Amino acid sequence: MNGPARPNTRAKRPVIGLTLDAEAAGGYSKFPWYALRQNYCSSVAAAGGLPIALPHESSLARDMVAEIDGLIVTGGAFDVDPALFGDTARHDTVTVKPGRTDFEIAVTRAALEAGLPILGICGGEQLLNVALGGTLIQHIPDAVPNALAHEQPNPRDEPGHDIDIVAGTRLAAIVKTPRMSVNSAHHQAVKDVGPGIVVNARAPDGVIEGIEDPSRPFCIGVEWHPEFLIDAGDGRLLAAFIAASAARAGS
Ligand code: MN
């Protein structure tokens with residue numbers, strides 16, 4: 001009790017909430033189940049965070065935000081309902097997961113209100129853009145002439161295309177390089193950003209690959225998957241997010 005103080009290393013780790021995916025009955029369980037690719041968590045742990053998963057209990061979104069120091073909105077093989085950004089028509093390729101999106105909008109809005117560091121990844125970047133008042137391209141091949149293969153045919157632990165980082169942005173200061181090689185697993189992308197939001201990365205075909213809110217300490221969305229740690233900039237991005245979350249935890 002009065003012995004030498006032992007460092008509590010767990011207390012030093014910022015708690016990072018990661019949104020889960022939802023699957024219908026079948027496969028893992030005969031009842032609906034949650035899912036999350038493991039490297040979302042292992043990359044956060046390796047960067048110094050304490051990863052925890054956030055279930056789709058929308059009424060508890062504020063309670064969750066009160067317990068975490070940073071929020072990662074993850075990706076998934078589904079789309080934000082176009083009605084949420086004012087599109088009345090829905091492209092044939094669009095699939096939705098209303099329960100997941102309802103929760104992700106709720107937890108993202110709560111995190112924005114609380115001033116929590118937020119990192120949106122792939123579909124999470126698209127969700128973040130919609131939460132910030134922006135719109136989405138519903139299907140890149142039908143909207144962008146001569147678009148790159150943003151659903152890359154090669155494995156997703158390899159790069160799919162390069163991106164150019166926009167000079168002067170937070171992202172540029174974090175990744176410390178004007179160009180990255182990133183994976184690409186999306187058929188949608190940011191169309192228009194919300195008020196005050198800045199584009200921080202683009203693919204060579206012009207598709208927006210990242211956004212940020214310069215008015216917030218850390219509010220960044222990227223269309224690629226930094227958790228695969230393919231480019232040196234990926235690790236720097238995760239490290240900066242964890243550092244911002246740790247600063248928040250210590251304040
Ligand atoms: Mn891409």
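As the structure is a computational prediction, the values presented were derived from the model and not from experiment. Note that ligands are numbered from 1 as they come in the structure, with each ligand's atoms numbered from 1 the same way. These values consider heavy atoms only, across backbone and side chains, with no hydrogens, waters or symmetry-generated copies.
Using a cut-off of 4.0 Å between Lys/Arg side-chain N and Asp/Glu carboxylate O, Arg90 and Asp81 are scored as salt-bridged. In this structure, Arg100 does not pair ionically with Glu23, as no charged nitrogen and carboxylate oxygen lie closer than 4.0 Å. Salt bridge present: Glu151 and Arg156 bring a charged side-chain N and a carboxylate O closer than 4.0 Å.
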Please output the side-chain donor-acceptor pairs of residues 234-242 that fall under 3.5 Å, not counting sequence neighbours, one pair per line with the distance.
unit_1, atom_1, unit_2, atom_2, d
Asp234, OD1, Trp224, NE1, 2.9
Asp234, OD2, Ile230, N, 3.0
Asp234, OD2, Asp231, N, 2.9
Arg236, NH1, Val175, O, 2.8

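Side chains of His186 and Gln126: a donor-acceptor N/O pair is absent below 3.5 angstrom, by distance only.
When each of Asp87, Asp92, Asp79 is paired with Gln138, the side chain to side chain donor-acceptor pair (under 3.5 Å) condition holds for Asp87 and for no other.
Protein atoms that are N, O or S and lie under 2.8 Å from the Mn ion (ligand 1) are these: His150 ND1, His161 NE2, Ser184 OG, His186 NE2, Glu209 OE2.
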